[in-house]
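Every value quoted in this text rests on a predicted model; they were computed, and no experiment measured them.
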Amino acid sequence: MEEVKVLSFWPSPFGMRVQIGLEEKGVNYEYQEENLTVKSDLLLRMNPVLKKIPVLIHNGNPICESLIILQYIDEAWPASQPFLPSDPYNRALARFWADFVDKKIYEAGTRITRSKGDALEEAKRDMLENLEHLEGALKQLSKGGPYFGGEEFGFLDIAYIPFASWFHSHEIIGNFKLPLETRYPLLHAWVTKCMERESVKKSLPTPERVLEFALQIRKKFVVD
């Protein structure tokens, strides 16, 4: 019997990635919700260096950092469709754009949640520019298919779709519209397609719940 456990925090798109990956592979796992203010002894033992979520524990062995965890899941349970393309160059592109999501999309979204005034306006502009880049990447990588991986839901799809659960919060807090339908039609169709998957439905919280959490975060950083 395999023992698989996920330590995470429900609003984290990085933790959602791990859950989607396991669901896609059909792996049964135990989920442990973490309080990041008072971290559990298990989390501190399993990730003593970074002391953060998510952590995948497989038969007692911890794996940390969500993109590394996704690649581990892909290799540890290889029987189903692989997450990464077989071609080395396309694998490199998928990893590049997943890293772009972490460095650019997450960062701009964090600034939208935690800033105001000119800083907020700059964060909104950056988010729109980043979406423009991803629209171009989707056109290039999908080759006409519904996913970044073409016809198959894969690594980059799993890496990015959790951030869609935060779109509503960005719009409400930033008082602007993410014009997916008009300016980024490929991303709009991609989000719609991804949201139909059972793995995504089971792993993503509702936008309303995320907004409630985001507003709590904002109170800690912004004095209106």
Euclidean distance, [Y] [atom2] relative to [X] [atom1], rounded to 0.5 Å:
X	Y	atom1	atom2	value
Met127	Leu131	CE	CG	6.0 Å
Thr113	Lys220	OG1	NZ	12.5 Å
Leu141	Leu134	CG	CG	10.0 Å
Glu151	Lys143	CD	NZ	11.5 Å

Open item on the list: Applying the side chain to side chain contact (heavy atoms under 4.5 Å, CB included) criterion to Ile69, which one of Ile63, Val55, Leu22 satisfies it?
Closed with: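 Of Ile63, Val55, Leu22, side chain to side chain contact (heavy atoms under 4.5 Å, CB included) with Ile69 is met by Ile63 alone.
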
Between [X] and [Y], do the side chains contain an N or O donor and an N or O acceptor separated by less than 3.5 Å?
X	Y	answer
Glu30	Gln32	no
His58	Glu2	yes
Glu34	Ser40	yes
Tyr29	Glu23	yes

Task: Any donor-acceptor pair under 3.5 Å from Lys124 side chain to Gly174 backbone - done: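 Looks like yes, one N/O pair under 3.5 Å.
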
Open item on the list: If the threshold is 4.0 Å, N to carboxylate O, is there a salt bridge linking Arg125 and Glu121?
Closed with: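 Result for this pair is no, no salt bridge flagged.
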
Open item on the list: Taking the basic N atoms (NZ, or NE/NH1/NH2) and the acidic carboxylate oxygens, is any pair closer than 4.0 Å for Lys177 and Glu171?
Closed with: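 So Lys177 pairs with Glu171 through a salt bridge.
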
Open item on the list: Applying side-chain contact (heavy atoms from CB on, under 4.5 Å) to Lys5 and Leu42, what does each step give before you reach the verdict?
Closed with: CA-CA 11 Å; Lys5 190 167 188 172; Leu42 181 60; 3.8 Å; yes

- [ ] Decide side-chain contact (heavy atoms from CB on, under 4.5 Å) for Asp126 and Arg111; before the verdict, give the C-alpha distance in whole Å, the side-chain angles of both, and the deciding distance to 0.1 Å.
- [x] CA-CA 10 Å; Asp126 288 346; Arg111 285 190 285 127; 2.6 Å; yes

Open item on the list: With a 4.5 Å cut-off on side-chain heavy-atom distances among I, L, V, M, F, W and Y, is there a chain of contacts connecting Tyr147 to Tyr89?
Closed with: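 Hydrophobic grouping puts Tyr147 with Tyr89.
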
Open item on the list: Would a single hydrophobic cluster contain both Val6 and Leu50, if residues Ile, Leu, Val, Met, Phe, Trp and Tyr are joined by side-chain heavy-atom contacts under 4.5 Å?
Closed with: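 No, Leu50 and Val6 fall in different hydrophobic clusters.
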
Task: Evaluation steps, side-chain contact (heavy atoms from CB on, under 4.5 Å), between Asn130 and Phe100 - done: CA-CA 9 Å; Asn130 294 336; Phe100 175 88; 3.8 Å; yes

- [ ] Check the pair Phe163 / Phe14 against ring-ring contact (aromatic ring centres under 6.0 Å, His included), numbers first and verdict last.
- [x] CA-CA 9 Å; Phe163 289 84; Phe14 305 105; 5.8 Å; yes

Task: Shortest non-hydrogen contact from Pro146 toward Trp190 - done: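 Scanning both residues completely, I find the closest heavy atoms to be O-CD1, 3.4 Å.
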
Task: Ring centroid separation Phe155 to Tyr160 under 6.0 Å - done: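 For Phe155 and Tyr160, the ring centres are not under 6.0 Å apart.
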
Open item on the list: Could you go through Ile161 and Arg17, starting from their C-alpha distance and side-chain angles, then the distance that decides it, and tell me whether this counts as side-chain contact (heavy atoms from CB on, under 4.5 Å)?
Closed with: CA-CA 8 Å; Ile161 191 58; Arg17 288 172 173 171; over 6 Å; no

Open item on the list: Can you see whether Phe83 has Lys25 sitting over its ring - NZ or CZ less than 6.0 Å from the centre and within 45° of the normal?
Closed with: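 Relative to the ring axis of Phe83, which defines the angle, Lys25 lies inside both limits.
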
